Structure formats: structure tokens, C-alpha cells
Amino acid sequence: MKSEPHEFSFDDLVKAPGKRTPWFGVRNYQARNFMRDQMQPDDPVFFYHSSCPEPGIAGIAEVASPPYPDATQFDVKSKYYDPAATPEIPRWFHVDVKMAKKTPFVSLAELRCHRELAGMRLLQKGNRLSITPVDPREWKFITEKLLKL
DNA sequence: GCCAACGTTGGC
DNA sequence: GCCAACGTTGGC
């Protein structure tokens, strides 16, 4: 899951109440569908910093709730307000995310160095999705070989 | 700031 | 349903 660290960094998650946060603000259908349809409580997540001087994996989090409507879609004051959404028929769903493990930083440049990760969706040319699935083999390689957990 | 690669919008 | 125009993402 990508986050811009000047908006919300992994350290912000560590400092958040309960070390958790709703993953609000996703306004892309594919990314929404991953949260709504694919993610389960306790699923592990790489917390990725994007749009910053050094993009990369900043830590490990986990899914901490079932999917539920993103409250910001109903909030006219929010930049994530969606006039087409109503509480009766919400459009945007998200999960809560909880800090799981502080890890060494793994930069995007490093991720790109390993042929084992060449197929990783996050690294594909043109990928802009803020949430992408991680193949179990890719998860294993990163956690065992790069993070040495 | 540039720009490739998408995704969304809206007229037809 | 098509597709041009426009907006966004995100690495560089």
C-alpha cells in the first residue's frame, strides 16, 4: 500500500493512536476493489513511500478491519468528498491498517535490482495503482532475503 | 518541472 | 459504445 510520506509516513502510523489508521482517500476503483474484495484482517502489507526523494518499502503493516465505507466521501469539507456517494449507497470502501513491524528501508532502486522481483506488480512500467497485490514468492524474497526477518 | 501511462468524463 | 480531452500518478 502506497502512501506519500509527507502526507502520512510509516512513522506517522507508528505514532497513531493504537498504531492504526483507516486507509481513507483511495479514489480508484481497482484499488478500492482490492481492499473491499481481496484483503482480509491480518493480511500482511508492505507500507510503501511514494512521491518522495527516496521511494521504497518503509515497514510492514497488517489489515486490521473488514472493509467498510470511507467516511471522507460524505464529508463536504474533505478533499476526498464525493457528491455521488450517499451513506445509503456508498461508493468508496477501505480497511483499517495497523503497524506490524518496523523494518530496514528497502528503496525502489534496490527492489529493481533483483530479478526475483522483476514481475512484481508494483514495479511494472506504467503502474499507478496505490494498492497492488504481492505474490507470496515476492513477499518471501523481500522479507527473507532483503529484510532478513 | 517533465512526461509516460493510465483512468475518467462527457459529447456524440 | 466510441474516443478526444483532460486530470492524475509518480519516478526521474
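A, B, ... follow the sequence lines: proteins, then strands. Residue 1 opens every chain. No experiment lies behind these values; they were computed from the predicted model shown.
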Would you mind reading off the distance between A:Y80 atom OH and C:dT8 atom P, rounded to a whole angstrom?
12 Å
Spacing between A:R27 atom CZ and C:dT9 atom C1', to the nearest angstrom
16 Å
For the pair made of NZ in A:K79 and C1' in C:dG7, what is the distance, rounded to whole Å?
15 Å
Let me know the distance between OH of A:Y29 and P of B:dG7, rounded to the nearest Å.
13 Å
Any side-chain N or O of A:K2 below 4.0 angstrom from OP1/OP2 of C:dT9?
no
Determine whether A:K2 and A:T132 make a side-chain contact, defined as any pair of heavy atoms from C-beta on separated by less than 4.5 Å.
no
Compare the minimum distances between each of C:dG10, B:dA5, C:dC12 and the side chain of A:S130, then state the nucleotide with the smallest one.
C:dG10
Using the side-chain heavy atoms of A:L108, tell me which of these nucleotides is nearest: C:dT9, C:dC12, B:dA4.
C:dC12
Where the side chain of A:S50 is concerned, which of C:dG11, B:dA4, B:dG7 is the nearest nucleotide?
C:dG11
Residues passing the side-chain contact (heavy atoms from CB on, under 4.5 Å) test with A:K98, sequence neighbours excluded, are A:R20, A:E62, A:A64
Nearest whole Å is fine: how far is C:dG10 C1' from A:H49 NE2?
15 Å
Salt bridge A:D70-A:R27, side-chain N to carboxylate O under 4.0 Å
yes
Nucleotide B:dG7, atom P - distance to CG of A:D82 in whole Å
19 Å
Between A:K102 and A:D11, is the closest basic N to carboxylate O distance under 4.0 Å?
yes
Between CD of A:Q30 and P of B:dG7 the distance, given in whole Å, is 6 Å
Output the rounded distance in Å from CG (A:L111) to P (C:dC12).
11 Å
